[in-house]
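Presented below is the structure to which this report refers.
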Amino acid sequence: MYIQDINLSSLFVAEPGELYQSKINLNQWIEVLVDCPGSTDLYTYKLPEQLEIKPGDILTVPFGSQQVGAIAIRFLSQLPENLTPEQIREVEDVVSKSFFPSSYWQLLNRIAAYYYTPLIKVIRVALPPGLLGRSQRRLRLTPLGKNQDVSSNTAVFMSPTAQQVIQLLQKTPSGDYSYYYIQQKIKSAYRGTRELIRLGLAENYLEPPKINQPKLQKAVTLLDNNEEDLTPRQKEIIEVLKRQGGELWQTELLQTCSTSTSTLKALEKKGYVVIEEREKLRREQNPSVAGDQAKSLTAAQSQALETIKTLNQFTQVLLHGVTGSGKTEVYLQAIAPLLNQGQSALVLVPEIGLTPQLTDRFRARFGNKVQVYHSALADGERYDTWRQMFTGEPQVVIGTRSAIFAPLPNLGIIILDEEHDSSFKQDAPIPTYHARTVAQWRAELENCPLILGSATPSLESWVSVRNPETPPPSPLPASDEGGQEHIYISLPERINSKPLPPVEIVDMRHELKAGNRSIFSRSLQTALEELKANKQQGILFIHRRGHSTFVSCRSCGYVLECPNCDVSLAYHHVEAGAAELLRCHYCNYGRSHPPHCPECSSPYLKFFGSGTQRVSQELNRQFPHLKLIRFDSDTTRNKGAHRNLITKFANGEADLLVGTQMLTKGLDLPQVTLVGVVAADGLLHLSDYRANERTFQTLTQVAGRAGRGEDPGRVIIQTYTPEHPVIEAVKTHDYQSFCDAELAEREALNYPPFGRLILLRLSSLDPIQVQNTAQIIATNFSEQTGFEILGPAPASILRVANRYRWQILLKFAPDALPNLPDWGEIRALCPASVSLTIDVDPINIM
Ligand code: ADP
Ligand code: ZN
Ligand code: ZN
């Protein structure tokens with residue numbers, strides 16, 4: 001907390017009796033976030049002596065000529081240099097104490113420090129827009145205020161404005177109005193409100209969040225009775241009800257029987273039916289909701305669950321379960337008892353594409369206790385979900401990256417599903433946070449367990465459990481709590497001991513030699529033909545990633561690499577008509593695109609990259625009878641598109657799902673037997689030190705979509721480098737040996753999870769200026785020690801939206817973060833036309 005950062009020595013010059021006074025003066029100022037559209041700064045206010053204010057409180061402050069809501073963010077012991085005490089106004093009042101727990105602000109401050117981001121920008125990421133909407137802050141009369149007869153001479157003396165305000169309030173039966181309304185009605189109302197509060201006649205409060213009321217409507221329910229005294233008309237109605245299972249909405253019944261409400265009322269009077277408001281009819285309760293109960297766990301699942309259940313403080317658990325091993329069931333059963341104890345759970349998933357399926361499973365288990373939160377929600381929805389969290393009701397929040405900021409009080413567990421997924425990392429804008437890192441801090445601050453689940457754990461998480469005696473540099477700034485624990489839990493088998501699908505690797509060089517110029521190998525072609533015949537479904541995975549492609553020989557598989565860096569050179573698409581250029585992203589080595597393969601002189605030296613569109617066309621040409629659904633960012637742009645496409649596919653409306661990365665994420669479609677990977681090489685040769693890890697993860701995950709149902713699955717991976725160790729490891733489902741090899745390489749080169757990286761991304765409309773600035777900054781760094789500087793180099797797509805982009809990579813030794821540069825000074829080196837983003841622990845270095 002900020003209080004602790006303050007130099008205490010100034011305190012003890014006090015004369016006896018003055019210590020108390022000094023204490024108050026220790027924090028004279030507070031920075032607040034004001035609720036004002038477009039306000040992008042924190043504002044400083046003076047702390048009034050009579051008020052006790054803490055970060056996280058909701059305040060009212062004077063702002064311009066108004067009085068507005070504000071969140072107390074942090075204390076200042078000194079005024080910023082450009083301000084004098086005379087310019088500073090006082091906080092008006094506290095509306096709501098501890099609206100946010102103080103641990104929440106600790107979290108945001110930690111993010112600001114670690115990611116070199118101004119606190120206000122962190123807050124903007126964390127809080128939904130309009131959180132403090134003006135209508136929420138309200139003023140209400142106290143009992144004393146209600147009984148105050150302003151016109152009588154025994155009334156308390158008050159100013160004319162105060163009289164106006166109290167009279168306005170007294171006109172409403174509830175005696176309260178929003179500040180916004182009062183300010184609209186009465187000029188300079190805030191003086192008056194202040195006075196009333198001081199006199200104890202009125203008080204501030206924050207309107208509690210509105211819980212979404214379920215929609216109620218009238219339902220007619222049949223009661224057991226002998227039908228003696230019924231008219232024929234009434235008998236008819238009873239018959240209709242019987243046929244409908246004894247229950248119907250009143251409106252439907254009226255329509256079906258062309259009758260009136262009075263007829264129904266008469267029936268009710270006679271005791272044949274009841275008419276009452278209902279949220280839903282009993283008979284129409286969603287069968288999946290009613291039907292879904294905790295499954296009886298496999299031995300491995302029970303063991304995992306038991307371990308997790310015993311954790312009652314911060315512990316990081318790596319739940320390493322192969323695809324289809326039932327991790328989700330473990331999450332569900334770990335959460336259930338927490339909800340019963342009044343605690344909440346936070347579940348993060350990589351992408352919205354997989355959320356519908358997962359959310360359905362959570363909803364089926366926990367009903368309306370489940371809330372979905374992600375940035376694709378409309379502002380209003382986002383905001384409502386937030387307010388819902390403040391109720392403190394035990395609930396499960398499922399969301400993407402930004403949901404890590406969900407302000408759930410009483411958090412009992414945090415779960416990151418598919419923790420290896422790179423969409424948990426924000427590349428830009430700042431803060432360039434990783435939800436896993438933030439989750440670690442949050443779980444630590446809330447003292448609750450953190451479960452990281454994956455079939456292909458990130459090397460970071462793997463290392464943290466594999467070498468407990470020599471942990472990698474913790475992303476946590478030194479924590480004084482100690483006792484930080486890491487637990488490894490394995491689910492090594494699929495449910496019911498279903499085998500993992502066999503993986504066939506097809507050498508595409510042989511295909512070419514055999515005269516097959518199609519992008520589909522003979523093996524894949526046969527498998528595709530068989531799909532329809534066997535009434536089965538398949539998934540075709542295509543790697544596609546912008547223009548960043550590698551160059552490889554189609555005859556011998558040779559890949560052009562950087563002589564200095566051990567990464568493949570990237571093909572640069574600068575502009576149409578310009579010379580084709582190959583470049584290294586790390587050291588800026590560059591060369592032209594050679595006409596022939598340097599290895600075998602073949603002219604088939606090509607850059608790789610084929611998108612879903614092109615593959616779909618090819619499929620339509622070669623397999624016109626196969627029905628396709630394209631599943632990529634083009635076809636899933638609209639709201640609900642993911643769900644629609646997957647539902648269509650699950651209903652058997654297509655034979656093949658053709659798509660990109662999104663396919664790899666947690667789809668549980670039992671009918672899928674075939675998984676094809678069109679070209680694994682596109683992944684493998686990305687010019688990035690993480691290329692191997694990402695390839696292994698992606699291929700293993702996509703392979704894991706096959707054979708989850710009754711029919712056994714099979715996987716066909718096409719590649720020009722079948723001998724690559726990563727391909728070998730995918731073929732044998734051997735995570736361990738992949739990790740051992742990859743970690744050895746990373747360690748030798750000081751790459752994460754051993755060393756650390758910070759990437760500076762510069763961009764500008766001016767190509768010369770950005771290049772020069774990058775050079776100046778790099779030169780400036782070269783005087784500092786403790787890290788290596790790679791670059792400056794142009795980003796792989798040099799120009800995006802007319803901005804030219806350069807980058808500098810800083811590589812730190814594993815054991816420490818010495819001599820961190822002064823970012824203020826670095827930023828000062830950037831002219832206004834050049835923008836600088838500091839990406840801490842970057843994942844995408846391109
Ligand atoms: P993962 O998340 O590890 O890929 P899932 O949780 O999706 O695995 O489980 C795979 C399938 O097995 C799902 O269809 C799930 O409903 C089912 N399943 C999970 N646990 C059990 C169990 N104990 N008994 C029967 N079926 C289970
Ligand atoms: Zn060659
Ligand atoms: Zn290089």
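Each ligand, and each atom within it, is numbered from 1 in the order the structure gives.
In R494, neither the side chain nor the backbone holds a heavy atom less than 4.0 Å from any atom of ligand 1. Only the side chain of D668 comes within contact range of ligand 1, with a heavy atom under 4.0 Å; no backbone atom does.
The shortest N or O to N or O distance between G324 and ligand 1 is under 3.5 Å.
Remark: K627 NZ to L657 CG distance equals 14.0 Å, nearest 0.5 Å. The distance from the CG atom of L338 to the CG atom of N312 is 10.5 Å, given to the nearest 0.5 Å. Atoms CZ and CD1, on R694 and I843 in that order, are 7.0 Å from each other to the nearest 0.5 Å. Taken from CZ in F696 to NE2 in H724, the straight-line distance is 12.5 Å, to the nearest 0.5 Å. Note that the CG atom of L346 and the CD atom of Q371 stand 11.5 Å from one another [nearest 0.5 Å].
Taking the six-membered ring for Trp and the full ring otherwise, the centers of F405 and Y433 sit less than 6.0 Å from each other.
The pair E728-K731 fails the salt-bridge criterion, with no side-chain N (NZ, NE, NH1 or NH2) lying under 4.0 Å from an Asp/Glu carboxylate O.
Under 2.8 Å from the Zn ion (ligand 2), one finds the following protein N/O/S atoms: C553 SG, C556 SG, C597 SG, C600 SG.
Of all atoms in ligand 1, numbered sequentially from 1 with element shown, those under 4.0 Å from a heavy atom of L297 are 23 (N). Atoms of ligand 1 found under 4.0 Å from any heavy atom of S296, numbered from 1 in the order shown, are 22 (C), 23 (N), 24 (N).
Distances from atom 16 (O) of ligand 1 to the heavy atoms of K295, Q333, E329 put K295 nearest.
Residues M508 and T719 are not in side-chain contact: their nearest non-hydrogen atoms beyond the backbone lie 4.5 Å or more apart.
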